[in-house]
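Any value given below was found using the heavy atoms of this structure, including those in side chains, with hydrogens, waters and symmetry copies removed. Since this is a predicted model, take the numbers as computed values, not measurements.
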Amino acid sequence: MEPRAVGVSKQDIREQIWDHMESQNLADFPRPVHHRIPNFKSNKTLLVPTPRLRTGLFNKITPPPGATKDILRKCATSQGVRNYSVPIGLDSRVLVDLVVVGSVAVSEKGWRIGKGEGYADLEYAMMVSMGAVSKETPVVTIVHDCQVVDIPEELLEEHDITVDYILTPTRVIATGCERPQPMGITWSKISREMMEKIPVLRSLRAREQQAGKDVTLQGEHQHLPEPGRQQAVPLSAGRRPPDTPGPEANSMEAARGSPPGEGAPLAADVYVGNLPRDARVSDLKRALRELGSVPLRLTWQGPRRRAFLRYPDSAAAQQAVSCLQGLRLGTDTLRVALARQQRDK
């Protein structure tokens, strides 16, 4: 289809594509197609991240043995993600060989426009942050022929991803795009509202903050360290904050039956309750690593079905509470709160 004149905005191009696909009845369910990535039948199979990143970035779908065609179809839906998948944590070291992304419009040069919410760009940036993709990982989009249009390069922003290949019902286009992909999450583009909606984003932010990166959010002022004040560093770097137990305490190791660390602010301790009776400390440690919320110390009180997690300060503890909400071990949902709040109760 013919593009509009130079000087158009991204929204102009979105509306042009949406209007055309509706008027020509090209789109599949759900309809109307406005404000969506258009669906249409082209006998291709798509693998997608966790819907809207509510419970994480990736889920590995494993159909049950002897799955029928009906069950296999359900595996590709949000219900299938809930019923037939397991989450892939941030520390899983998964490597993605090919990224398939939806588009509203795309140009033969590789410029891409999504539906305007930024989820595809964010998903890619999160994959970069966790080491799942590199600059060599090809990015493919599957669109209808009418969605391939000219897009002015000046509309592209730093966080926008580009595509290497465009698949349509009639063509395979190699874009030869040399524009660099985003190198990670642009935190200044992330709002507080988005942080509340996406738990895995909070985990990634805590991890990058510990690594000393600037994680100032949209609308926030950058907090510079005070002169002479040390910044927290991750334990994996071979250093530990002052006033924390030495190697003999074995961070993340069970201190069975012992109380939460004494001599540190209580607000830095997080209570984890409702542990399954058959849970092991390794189960909780694994879950914490996958969520990117590793504490300085873990105090295990299995017979009382609870544990305490020590974090560097109250801000890190609160971040952990937000990240761990809804965490499950087996079939049990854990209770998570700041230790002071729990004792008050």
Query raised in the report: At what distance, to the nearest 0.5 angstrom, does OG of Ser107 lie from CD of Gln147?
Result: 13.0 Å
Report task. Please lay out, stage by stage, how Ile166 and Val172 fare under the test side-chain contact (heavy atoms from CB on, under 4.5 Å). Result -> CA-CA 6 Å; Ile166 304 170; Val172 175; over 6 Å; no
Query raised in the report: Distance from Ile142 atom CD1 to Leu167 atom CG, nearest 0.5 Å?
Result: 5.5 Å
Report task. Answer whether the closest heavy-atom distance between the side chains of Leu201 and Ile185 falls below 4.5 Å. Result -> yes
Requested in this report: Apply side-chain contact (heavy atoms from CB on, under 4.5 Å) to the pair His34 and Glu15, showing each step before the final yes or no.
Outcome: CA-CA 7 Å; His34 291 81; Glu15 296 293 342; 3.7 Å; yes
Query raised in the report: What about Phe29 and Leu26, same hydrophobic cluster or not, with Ile/Leu/Val/Met/Phe/Trp/Tyr joined at side-chain heavy-atom distances under 4.5 Å?
Result: no
Query raised in the report: Going by distance alone, is a donor N or O of one side chain under 3.5 Å from an acceptor N or O of the other, for Ser103 and Arg112?
Result: yes
Query raised in the report: If we only count heavy atoms from C-beta on, is the Val272 to Phe308 side-chain gap below 4.5 Å?
Result: no
**Report entry** More than 12 heavy atoms from other groups under 6.0 Å of CD on Glu193
**Finding:** no
Query raised in the report: Would you call Met194 and Leu122 a side-chain contact if the rule is heavy atoms closer than 4.5 Å?
Result: yes
Query raised in the report: Would one find more than 12 heavy atoms of other residues, nucleotides or ligands at under 6.0 Å from atom CZ of Arg31?
Result: yes
**Report entry** Lys109 atom NZ, neighbour heavy-atom count above 12 within 6.0 Å
**Finding:** no
Requested in this report: Check whether any side-chain N or O of Glu108 sits under 3.5 Å from a backbone N or O of Asp150 as a donor-acceptor pair, and report yes or no.
Outcome: no
Report task. Run the numbers on Ile151 and Ile113 for side-chain contact (heavy atoms from CB on, under 4.5 Å), then give the verdict. Result -> CA-CA 9 Å; Ile151 298 175; Ile113 295 178; 4.0 Å; yes
**Report entry** Spatial distance of atom OG (Ser203) from atom CZ (Arg289) [nearest 0.5 Å]
**Finding:** 14.5 Å
Report task. Show your reasoning for whether side chain to side chain donor-acceptor pair (under 3.5 Å) applies to Asp164 and Thr175. Result -> CA-CA 5 Å; Asp164 300 298; Thr175 67; 4.9 Å; no
Report task. Could you please spell out the steps behind the side-chain contact (heavy atoms from CB on, under 4.5 Å) verdict for Leu334 and Leu324? Result -> CA-CA 9 Å; Leu334 306 186; Leu324 301 179; over 6 Å; no
**Report entry** Any side-chain heavy-atom pair of Pro32 and Trp18 under 4.5 Å
**Finding:** no
Query - Donor on one side chain, acceptor on other, Trp187 and Glu208, under 3.5 Å - result: yes
Query - Pair Glu157 + Lys189, salt bridge at N-O below 4.0 Å - result: yes
Requested in this report: Determine yes or no for a side-chain-to-main-chain donor-acceptor pair under 3.5 angstrom, with Asn39 supplying the side chain and Ala27 the backbone.
Outcome: no
**Report entry** Flag, side chain of Arg202 to backbone of Glu196, donor-acceptor distance under 3.5 Å
**Finding:** yes
Query raised in the report: Leu155 and Ile17: same hydrophobic cluster, using ILVMFWY side-chain contacts below 4.5 Å?
Result: yes
Requested in this report: Side-chain contact test, heavy atoms from C-beta onward, threshold under 4.5 Å: evaluate it for Leu288 versus Pro295 and give yes or no.
Outcome: yes
Report task. Go through the side-chain N and O atoms of Asp70 and Thr68 and say whether any donor and acceptor fall under 3.5 Å apart. Result -> no
Query - Heavy-atom side-chain proximity of Lys213 to Gln209 below 4.5 angstrom - result: no
Query - Transitive ILVMFWY side-chain link Leu95 to Leu98, under 4.5 Å - result: no
**Report entry** Non-hydrogen side-chain atoms of Leu284 and Trp300 separated by less than 4.5 Å
**Finding:** yes
Query raised in the report: Without hydrogens or angle criteria, can the side chains of Arg14 and Gln11 be said to hold a donor-acceptor pair below 3.5 Å?
Result: yes
Report task. Would you check if there is a donor-acceptor pair between the side chains of Tyr165 and Thr141 at a distance under 3.5 Å? Result -> no
Query raised in the report: Less than 4.5 Å apart, any side-chain heavy atom of Val101 and any of Ile161?
Result: yes
